[in-house]
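Contents: one structure, followed by commentary.
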Amino acid sequence: MEDGIVVVHQDPLVRLPAFHPEGMNPFFLECLFDGDYERLHVAFGASRADHEVARVVDLAGHINDFERLSLLVERDAGDGQGEFLTLQMRPLTFLSFAPTLHVGAFGVPPEPLSRGHGLILSLTKPHQYSNREFRGIRWRLSFFVMTLGPLREKGLPPRPVFVLSVGIQFVVQGVLEMAEEKGKITPQSEDFPQWYQDVVREGDLAEVAKVVKGCMVIKPHGYAIWEKIQADLDRRFKKTGHKNAYFPLLIPKSFITKEAEHVEGFAPELAVVTHAGGKQLPEGEEYVIRPTSETIIGHFFSKWIESYRDLPLLINQWANVMRWELHTRMFLRTTEFLWQEGHTAHATHEEALEEVIRMLNVYGDFAEQMMAMPVIRGLKSESEKFAGAVSTYCIEAMMRDGKALQAGTSHDLGQNFGKAFDVKFQNEEKKVDYVWQTSWGVSTRLVGALVMTHSDDTGLILPPRLAPVQAVVVPIYRKSKERAEVVEAASKLRDDLAAAGVAVELDDREGKRPGEKFYEWERKGVPIRIELGPRDIASGEAMTRLRVAEGKEKMKLETLARDLPGVLESFQGFLLERAKKFREDNTVSVDTWDDFRGVFADGQSKFVWAHWDGTTQTEAAIKEETKATVRCLPIEGQGVDAGPGACIRTGQPSRGRVLFAKSY
RNA sequence: CGGGGCGUAGCGCAGCCUGGUAGCGCGCUUGGUUCGGGACCAAGAAGUCGGAGGUUCAAAUCCUCUCGCCCCGACCA
């Protein structure tokens, strides 16, 4: 492998040295990127000295859409054989990447690859980094034989062909350093997922736990947001008659298997406790860490409920749950997360359905009123519904990249869990029946939704109603004599604001300059900053700046405490309106399959109202081709024109438009 | 299962090829000058170089084994 590692120049030049794959003659290939990838010179031959230069490929014009770019390169061999090189280009995914270089021999029996044979090359451009500075970057290129074997037909000549897959690994050094630069937030437009990570980090919301796979540490500032979410939701739950309770973290494994769909849905992501007290638990007595609590709550409901007089039973639990996820992202999908799960039991299906819709609306109202996040309320398709539910309702919000985030769910469980856990009651007609259950929940994912709904390239933006710090006072002074005076006035202002009900913080830390404090609080999403210096005190005013404002605004010190709550409220309203407008601007109704695909091309997403024939197969086909899924079937008043139409994909009849988008 | 990369100070990394005093940036501590949009100067603290074994007068560096993390691939180009 020693020969496979080459350090290349900045021009950037890539050289593939000779290699000796099994059963092949020594073979040499050289690629030379010209300037900023505008030209690619390809040469190959049996030895380095012997190589012939193939035609120069002009990449200009294709450089920005490298995805599946195919180039046919005819070789100037002069022997009339028509050998060629095909270059397939795809964008890179991340820092360390290993694009595959496929070298296939065409039109020849699987004999030693040498001059005169065509090649398929699959190279990858460092797309993600093209917008960043490449200064100081060192490229290291190594390659290795990965597979060697017959290639299946797939549009290739019916003659014997074989493929040699060679992986290339570039190691790009010096880029990560830039990304981790202090206070650095990658622009949304450049790399949205990276932007999200940066905002969460710089906003001091959370960090990846690292020592525990897939988990995160929610830091004080992030947890404070969750506490505000909890406090308000809890009030709403109480108001609708629910009571809090707490059920065990561990659930007997046997419980999970009682509801057929439920076990199928959750089995892959369960964490199982097999040992306890220094001993292995007997077979069949293992526990799972709850992924959700329908089963254990069903068990207890069956003990608590005897007659219709015990109904409805309205319970909520604040808890942590664990789902073993392969790919995790802070707040959006982590192995362990915090949530609330409501569980209710009712005498009739109608009553249960009312509950399902009631709680869906509680979530919807909360999202819009508190989070300033507009949502669409709807019904999940069969493939997206909760494992074990009859139907699942949801609220879907649009993130700033046009993708949809499921922000809350409310399930009609029918009698599925009632039957599985024998939750029976005697009704008013003295007949025994199974209860009708519901469950509904929202999680710390809401914090991620908050980030992706409002924040910008400067960092976090928090709606005042959920901001742990709504206003920050930054004192400005020169000499230590000024400091005493200014801090005193600032303290008084802080006290006045606190008395007016504003969550205010006075940042009188020494050793940090005002500018640095400004940036820090902006990254943390504080809605308004108040600057107080000697000049302001003299004039009886303070400089204020809203988190999204262009400039600063003077406000009278006298009336600041009185006026600020109003300012914050209007900022709350502004954020909601802005989010609504963003969603409107990125929502379309589409009637043709070509238009539909166009919306989701190039990794883009919007909200799309389109007709769908209602079948799981069509849904799967659409997802396969566009990555977009049915987010929900809108409930009354949530969709666009409600009339029937023809499925966008199959032309089959559709009862009404449903919401499509790519999703988290 | 196959292949690759990486483990050196809290964080990000250099040093390894060619063995010889443990380095850099950020952060942190102290002092001073600063302070209306990311300050500067000076001094300082901080590392069993992932682990074990070997070669050597001498190992972060060479060899063998091992642990951990990340990425890619298994015929889709």
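To the nearest whole angstrom, the two C1' atoms, one in B/rA60 and one in B/rG50, are 12 Å apart. Taking atom C1' on both B/rC70 and B/rA58, the two are 35 Å apart, rounded to the nearest angstrom. A gap of 14 Å separates the P atoms of B/rG10 and B/rG51, to the nearest Å. The same atom, C1', is picked in B/rC57 and in B/rG19; the two are 12 Å apart, to the nearest Å. With both ends at atom P, the span from B/rA46 to B/rC65 equals 37 Å, rounded to whole Å. Between the P atoms of B/rG2 and B/rU66, the separation comes to 13 Å (whole Å). Taking atom C1' on both B/rG7 and B/rU48, the two are 15 Å apart, rounded to the nearest angstrom. If you take atom C1' in B/rA39 and the same atom in B/rA22, they sit 31 Å apart, rounded to whole Å.
For A/Gln197, there are no side-chain hydrogen bond (donor to acceptor under 3.5 Å, both in side chains) partners, not counting sequence neighbours. With sequence neighbours excluded, the residues satisfying salt bridge (charged side-chain N to carboxylate O under 4.0 Å, His left out) with A/Arg483 are A/Glu510. Listed by chain and residue number, A/Trp195 satisfy the ring-ring contact (aromatic ring centres under 6.0 Å, His included) test with A/Phe192 (two or more places apart in sequence, or in another chain).
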Exercise. Can you run through RNA chain B from 5' to 3' and write each base as (, ), [, ], | or . depending on how it pairs? Watson-Crick or G-U wobble, both distances under 3.5 Å.
Key: ((((((((.[[[[.)....(..]]]].((((((.....)))))).....[[[[[..)....]]]]])))))))....

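Between A/Ile218 and A/Ala206, the closest heavy-atom pair is CA-CB, 4.1 Å. Of all the heavy atoms in A/Ile530 and A/Ala542, the pair that sits closest is CG2-CB, 3.8 Å. Residues A/Lys524 and A/Asp204 come closest through the heavy atom pair CE-CB, 3.8 Å. What you find for A/Pro464 and A/Leu575 is that their closest heavy atoms are CD-CD1, 4.4 Å.
Separating the CD atom of A/Glu202 from the P atom of B/rC11 is a distance of 16 Å, rounded to the nearest angstrom. Look at CZ on A/Arg545: it is 14 Å from C1' on B/rG38, rounded to the nearest Å. Remark: C1' of B/rG27 and CG of A/Asp204 are 14 Å apart, rounded to the nearest angstrom. Between A/Glu516 atom CD and B/rC26 atom P the separation is 13 Å, expressed in whole Å.
In this structure, A/Leu564 CG and A/Phe571 CZ are separated by 11.5 Å, a value rounded to the nearest 0.5 Å.
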Practice problem: List the protein contact pattern of nucleotides 31-36 of chain B with one symbol per nucleotide (5' to 3'): B for base contact, S for sugar-phosphate-only contact, - for none; contact means a heavy-atom distance under 4.0 Å. | Solution: ---BBB

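If you check residues 456-463 of chain A against RNA chain B, you find no residue with a heavy atom closer than 4.0 Å.
Of the candidates A/Val200, A/Asp198, A/Ile185, A/Leu460, A/Ser455 forms a side chain to side chain contact (heavy atoms under 4.5 Å, CB included) with just one, namely A/Leu460.
Ring centroid separation for the pair A/Phe596 and A/Phe660 comes in under the 6.0 Å cut-off.
Donor-acceptor pairing under 3.5 Å is recorded for the side chains of A/Tyr664 and A/Asp401.
Checked by distance alone, A/Glu522 brings a side-chain donor or acceptor within 3.5 Å of a matching partner on the base of B/rG37.
No side-chain heavy atom of A/Val451 sits less than 4.5 Å from a side-chain heavy atom of A/Met330.
Using a 4.0 Å heavy-atom distance criterion, A/Arg529 is classed as a base contact.
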